[in-house]
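Structure, as structure tokens:
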Amino acid sequence: MRVSRVGYAAAKGTRHLARDQVVLAADGVVGDRRWCFVDVGARQVLRTVAHPGLVGLLLDEAGDDLVLEAPGRAALRAPAVLSGESVTCDYWGREVALELVDGPFAEAGSAHLGRRVRLARAPAGGVVYGGSVSLVGEGSLAALGDLDPARVRANLVVEGGRAFAEDDWVGRDVAVGSAVLRFTTRTPRCAVLDLDPLTGARGSGVLTALTTLRGTPTLGVDGHVLRPGTVRPGDPVTVVG
């Protein structure tokens with residue numbers, strides 16, 4: 001088996017991008033959901049299931065700058081300047097301390113999402129739901145109609161194989177590129193799976209199809225890093241424990 005795709009979204013809920021490589025540190029994928037949009041007044045991190053418009057935003061790092069693209073607006077590029085303000089927000093029932101960012105991102109994000117928001121920097125893993133690394137097999141995507149991997153938002157996609165073969169890796173160690181991962185649970189899915197991966201439009205019916213097919217809304221596996229390393233498309237995948 002080999003890796004066919006690697007990727008992550010630099011900001012929570014925004015467009016999931018394929019990458020040339022991902023670096024896996026002890027606390028997960030470097031750069032994954034390092035940023036998020038927050039409602040400061042409500043002290044809440046915006047979640048995709050409630051704010052599908054997030055998927056229409058593309059935010060990425062470019063050196064010391066951040067680049068934000070929103071539909072119908074010119075792309076923004078500006079330094080990621082921390083304002084010195086912090087806010088503790090709720091994220092799925094746990095408190096996360098976030099650092100607010102200055103610059104044009106709040107205005108653009110607010111205009112697109114239709115509510116007042118600020119961009120914030122999160123601690124590593126702070127706004128990651130579930131395990132710090134996620135993986136899905138191409139066979140599982142094919143069983144659901146050849147899903148676009150960006151819809152599933154997994155960090156790692158593995159080529160070939162039977163549908164849902166990665167379920168068997170729960171509780172086992174897997175060497176991927178130069179890293180070793182331990183998968184601990186099947187990934188639970190929610191209505192985010194029904195969102196178009198470019199626009200955030202609802203209504204695909206994928207979640208219902210998954211639940212009907214499997215009897216449970218799980219797809220892919222989550223885990224954590226045992227040995228840090230770098231993973232690229234084409235790297236071998238080997239179950240080692």
Salt-bridge criterion met for Asp60 and Arg19 (N-O under 4.0 Å) | yes
**Prompt:** Is a salt bridge present between Asp194 and Arg202, judged by a nitrogen-to-oxygen distance below 4.0 Å?
**Reply:** no
Note: Tyr129 and Arg33 closest approach over all heavy atoms is N-NH1, 4.2 Å
message = For Val127, is there any backbone N or O sitting under 3.5 Å from a side-chain donor or acceptor partner on Tyr91?
response = yes
Between the CG atom in Leu98 and the OG atom in Ser86, the distance rounded to the nearest 0.5 Å is 8.5 Å
Connected to Leu198, directly or through other members, by ILVMFWY side-chain contacts below 4.5 Å are none
- May I ask you to decide if His224's main-chain N or O and Ser132's side chain share a donor-acceptor pair within less than 3.5 Å? no
Going by chain and number, the hydrophobic cluster around Leu17 (ILVMFWY, side chain to side chain under 4.5 Å) further includes Leu58
Ala191 meets the side-chain contact (heavy atoms from CB on, under 4.5 Å) criterion, sequence neighbours left out, with Val49
So side chain to side chain donor-acceptor pair (under 3.5 Å) across residues 171-182, not counting sequence neighbours, yields Asp173-Arg182
Interatomic distance, CD@Glu159 vs CZ@Arg5, rounded to 0.5 Å, equals 15.0 Å
For Ala106 and Arg118 the tightest heavy-atom approach is CB-CD, 4.0 Å
The side chain to side chain donor-acceptor pair (under 3.5 Å) partners of Glu107 (sequence neighbours excluded) come to none
What one should report as the nearest heavy-atom pair of Ala78 and Pro104 is CB-CD, 3.8 Å
Hits for side-chain contact (heavy atoms from CB on, under 4.5 Å) against Asp235, two or more places apart or cross-chain, chain-then-number order -> Val3, Val231, Arg232
Quick note, side chain to side chain donor-acceptor pair (under 3.5 Å) partners involving residues 144-153, not counting sequence neighbours, are Arg151-Ser204
Notebook entry, point to check: Are Leu195 and Val136 co-members of a hydrophobic cluster defined by side-chain heavy atoms under 4.5 Å apart?
Noted result: no
Those residues at least two apart in sequence (or on a different chain) that pass side chain to side chain donor-acceptor pair (under 3.5 Å) with Asp196 are Thr199
Cluster membership besides Leu113, Ile/Leu/Val/Met/Phe/Trp/Tyr side chains within less than 4.5 angstrom, sorted by chain and number, is Trp35, Phe37, Leu46, Leu54, Leu57, Leu59, Leu66, Leu68, Leu76, Leu82, Val101, Phe105, Val117, Leu119
Val81 reachable from Val67 in the ILVMFWY side-chain graph, under 4.5 Å edges:
no
When every non-hydrogen atom of Leu181 is compared with those of Phe183, the smallest separation belongs to CD1-CZ, 3.7 Å
Between the OG1 atom in Thr218 and the CZ atom in Phe164, the distance rounded to the nearest 0.5 Å is 8.0 Å
Notebook entry, point to check: Should Val29 and Leu24 be marked as a side chain to side chain contact (heavy atoms under 4.5 Å, CB included) after you check the CA-CA gap, both sets of side-chain angles, and the distance that decides it?
Noted result: CA-CA 5 Å; Val29 180; Leu24 303 182; 3.5 Å; yes
Nearest heavy-atom approach of Ser4 to Glu138 is OG-OE2, 2.9 Å
Residue set satisfying side chain to side chain donor-acceptor pair (under 3.5 Å) with Arg121, at least two apart, ordered chain then number -> Glu99
| message | Any heavy-atom pair between the side chains of Val22 and Leu156 that's under 4.5 Å? | response | yes
Q) Can you hop from Val133 to Trp169 via hydrophobic side chains spaced under 4.5 Å? A) yes
Residue set satisfying side-chain contact (heavy atoms from CB on, under 4.5 Å) with Val23, at least two apart, ordered chain then number -> Gln21, Val30, Thr230
Review point. Quick one: does Arg2's side chain have a donor or acceptor within less than 3.5 Å of a partner on Gly160's backbone?
Key: no
To the nearest 0.5 Å, atom OG1 of Thr88 lies from atom CD of Glu95 at 6.0 Å
Closest non-hydrogen contact found for Val240 with Ala175 is CG1-CB, 4.0 Å
Item to check | Min side-chain heavy-atom separation Asp39-Arg115 under 4.5 Å | outcome: yes
Within the 4.5 Å heavy-atom criterion, are Val45 and Val96 side-chain neighbours or not? no
Inset, instruction - May I ask you to check whether Thr185 and Asp222 show a side-chain donor-acceptor distance below 3.5 Å? - result: no
Note to self: Are Tyr8 and Val192 connected into the same hydrophobic cluster when the rule is that any two of I, L, V, M, F, W, Y join if their side-chain heavy atoms are below 4.5 Å apart?
What the structure shows: no
Distance col, row Asp167:CG vs Leu219:CG, nearest 0.5 angstrom, shows 8.5 Å
Check your understanding: Is a donor on one side and an acceptor on the other found under 3.5 Å between the side chain of His16 and the backbone of Pro197?
Key -> no
Sorted by chain and number, sequence neighbours left out, salt bridge (Lys or Arg N to Asp or Glu O under 4.0 Å) with Arg189 holds for none
Exercise. Asp64 versus Pro79: any side-chain heavy-atom pair under 4.5 Å?
Worked result: no
Are Leu141 and Pro149 close enough that some pair of their side-chain heavy atoms sits under 4.5 Å apart?
-> yes
Here the gap from Leu135 atom CG to Asn155 atom CG, rounded to the nearest 0.5 Å, amounts to 9.0 Å
Would you say Val157 ends up clustered with Val152 if hydrophobic residues are merged whenever their side chains have heavy atoms under 4.5 Å apart, either directly or through other cluster members? yes
